[in-house]
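Below is one structure; the comments refer to it alone.
We count residues from 1, following the sequence as given.
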Amino acid sequence: MINQKYVIVTFVVTAFLAVGLLSNGHAETIDPSTDIAYLGAFRLPADTTGGQYGWEYGLYAMTYYPEGDPDGGGDGTPGSLFVTNHTYEQYVAEISIPTIVNSKDLSTLNRAGTLQNFHDINQGTYSTSYIESEIAYLPKQGAQTTDKLYISWNDWYNPGDEDLDRFGWCELTLSSPNTQGPWNLGDSNADVMPHTVGEYLFEIPASWAALNTPGKLLVTGKYREGGSNDGGVRFGGGPAMYAFGPWGQGNPPSDGTALEKITLLSYVGGHVWSCPASGDVCKVMDRWEGGAWVVAGTRNAVILTGRKGFGEDYYGDVCNSHGYHNLGGYKPYMLFYDPADLADVAKGEKQPYDPQPYATLDCGDHAFHSSSECSDGAGFRSCAYDRENQLLYVAEPNVDGAKAVIHVFKIKTVNEMKSPTNLRIVR
């Protein structure tokens, strides 16, 4: 059963957003220099079991569940997170959210608790080598009788154009997920390429979707680093975003269904993004691994989390790794898109390659790895958003040994914006 308080607050938030959209043409955007505050971080559980691997090299996927941890009230962080373990396995667990501590001393950070141990939600849905690359929670939609976890599978290497069946859903009880799928976004659509879907998966606010993507409340997309500056011929040339809603084509759709989609962002076909807000042109090894549609009253933004490369693009040997590199190193970053631009694309008023980021945020002051010369040394991974409490959860890998920690950012409401933030913005 959906929490009544969550439904009421969500309705109020989305109603405010709808008013802004209808009266002003678009809602105000989030300003990272004033609207975001860093709260702190927490560690992963020590005791989660299941599968062959533990928490090391995990958290490629994460989503917020508002009804999780029902007995964990009083710590200021209600709800729970569904997250994945080791990249070789990517089983899913549910964890609680502890009291947040702002400290760079790992020993002072609280640990999350385990609510559901690791389980394989793939359940043989795929016969390929795909791994679960992202998950997203949504309350029941259409004819569904239960809430769902939505899944996108992703292969970083070179799947053929025909291998686009990579979406599914499952139940929230991980021990009996009853996984359904796989489905695709249409093999015959030239703008949907293997390297433009599956990396991130997140929810669209209902009021925005009602105006721009009716019946489609999920965004999938990907940014394929390492060769993505090839004019967008193979890898899309920049981040991509597509809106879709599987429940509109069956409960569940039959296996192999081509899901209807609406393109919100795509640089496929030689349209390389310019990323003017970053303070530096886009680099070959920029990587954006997580996404969230952040709403705070009438202000909103689509945020991608990952890493930003600097300096000269280079192909060769760096940090004992052969391949593409940025010789100026890397920093953990957030990338901000204006939903009004995406609305214009959805309505056919702009081309999918027209929108550019309006801001970026250098998060090195708060990350444990503020910068690195090596491509695997600094950056963010998946993220999840608690819209009721305006809390953004962001995973930073390889901090607690080979384990990630989860950072927490607050998107300020109007009354909270009197307090300045020390996060740096690069425009």
Side-chain angles (χ1 to χ4, degrees), residues 30 32-33 35-44 57-62 83 87 100-106 109 134 199-200 202 222-223 225-226 239 275 277-292 294 301-311 318-319 321 324-337 357 359-385 391-411 421-427:
I30 302 293
S33 66
D35 299 359
I36 300 180
Y38 180 74
L39 299 185
F42 61 92
R43 301 169 78 182
L44 296 171
Y57 307 107
L59 269 72
Y60 281 90
M62 175 165 59
V83 291
T87 183
I100 307 305
V101 176
N102 189 349
S103 173
K104 289 292 183 70
D105 182 353
L106 278 174
L109 300 185
E134 195 52 278
E199 183 82 43
Y200 35 83
F202 54 91
K222 183 175 182 176
Y223 178 76
E225 87 285 9
C275 197
S278 68
D280 197 355
V281 297
C282 297
K283 299 299 182 179
V284 67
M285 287 298 284
D286 291 352
R287 185 168 187 181
W288 310 105
E289 299 190 57
V294 175
V302 175
I303 297 178
L304 300 181
T305 55
R307 67 166 185 239
K308 182 77 185 72
F310 295 89
V318 176
C319 296
S321 174
Y324 287 99
H325 301 277
N326 293 135
L327 295 182
Y330 307 86
K331 293 182 178 181
Y333 257 68
M334 295 184 191
L335 190 68
F336 293 74
Y337 275 93
T360 59
L361 189 61
D362 178 352
C363 298
D365 284 348
H366 302 293
F368 283 83
H369 302 300
S370 60
S371 63
S372 175
E373 295 180 356
C374 303
S375 60
D376 60 351
F380 286 153
R381 193 162 280 168
S382 57
C383 66
Y385 187 55
L391 298 176
L392 180 66
Y393 297 94
V394 184
E396 181 185 1
N398 304 320
V399 172
D400 193 357
K403 302 175 184 177
V405 298
I406 298 178
H407 295 280
V408 188
F409 295 83
K410 171 72 173 181
I411 312 300
T421 175
N422 60 353
L423 284 174
R424 291 181 289 143
I425 182 173
V426 180
R427 286 196 179 277

Which atom names give the shortest non-hydrogen contact between [X] and [Y], and what distance separates them?
X      : Y      : value
Asn326 : Gly309 : OD1-CA, 3.4 Å
Asp376 : Asn398 : O-ND2, 3.8 Å
Tyr385 : Ala292 : CB-CB, 4.0 Å
Ala367 : Pro332 : CB-CG, 3.6 Å
Leu109 : Ala41  : CD2-O, 3.7 Å
Tyr200 : Gly290 : CB-C, 4.0 Å

Looking at side-chain heavy atoms only, is the closest gap between [X] and [Y] below 4.5 Å?
X      : Y      : result
Val302 : Val294 : no
Tyr60  : Pro397 : no
Leu392 : Val408 : no
Leu44  : Val405 : no
Cys363 : Phe380 : yes
His325 : Tyr330 : yes
Glu134 : Ser382 : yes

Taking side chain to side chain donor-acceptor pair (under 3.5 Å) as the test, write out the residues that go with Asp400, two or more places apart.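 Asp400 satisfies side chain to side chain donor-acceptor pair (under 3.5 Å) with Arg43 only.
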
Suppose we screen for ring pair (Phe, Tyr, Trp, His ring centres under 6.0 Å). Which residues come up paired with Tyr393, at least two apart in sequence or across chains?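 Listed in chain order: nothing, the list is empty.
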
Is the shortest distance from a Lys or Arg side-chain nitrogen in Glu199 or Arg287 to a carboxylate oxygen in the other one below 4.0 Å? yes

Looking at Phe368, I want to see if its CZ is surrounded by more than 12 non-hydrogen atoms of other residues, nucleotides or ligands under 6.0 Å.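 Yes, the 6.0 Å shell around CZ holds more than 12 heavy atoms from other groups.
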
Under 3.5 Å side-chain donor-acceptor pair for His407 and Glu396: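 Yes - a donor-acceptor pair under 3.5 Å links their side chains.
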
Once rounded to the nearest 0.5 Å, what's the spacing between atom [atom1] of [X] and atom [atom2] of [Y]?
X      : Y      : atom1 : atom2 : result
Ile303 : Phe202 : CD1   : CZ    : 10.0 Å
Leu304 : Phe336 : CG    : CZ    : 10.0 Å
Leu335 : Leu361 : CG    : CG    : 10.5 Å
Ile36  : Lys410 : CD1   : NZ    : 12.0 Å
Trp288 : Arg307 : CH2   : CZ    : 10.0 Å
Lys308 : Thr360 : NZ    : OG1   : 8.0 Å

Under 3.5 Å, side chain of Asp286 to main-chain N/O of Lys283, donor-acceptor pair present?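 Yes; judged by distance alone, with no hydrogens or angles, the pair exists.
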
Would you please test Leu59 and Lys403 for side chain to side chain contact (heavy atoms under 4.5 Å, CB included) and show each step? CA-CA 9 Å; Leu59 269 72; Lys403 302 175 184 177; over 6 Å; no

Just grab all the salt bridge (Lys or Arg N to Asp or Glu O under 4.0 Å) pairs involving residues 366-375, residues at least two apart or on different chains. none

Run the side chain to side chain contact (heavy atoms under 4.5 Å, CB included) check on Tyr333 and Thr305 step by step: do they pass? CA-CA 6 Å; Tyr333 257 68; Thr305 55; over 6 Å; no

Run Tyr38 and Asn102 through side chain to side chain contact (heavy atoms under 4.5 Å, CB included) and show every step you take. CA-CA 8 Å; Tyr38 180 74; Asn102 189 349; 3.5 Å; yes

Validate the cation-pi geometry between Lys331 and Phe310: distance from NZ or CZ to the six-membered ring centre under 6.0 Å, angle to the ring axis within 45°. yes

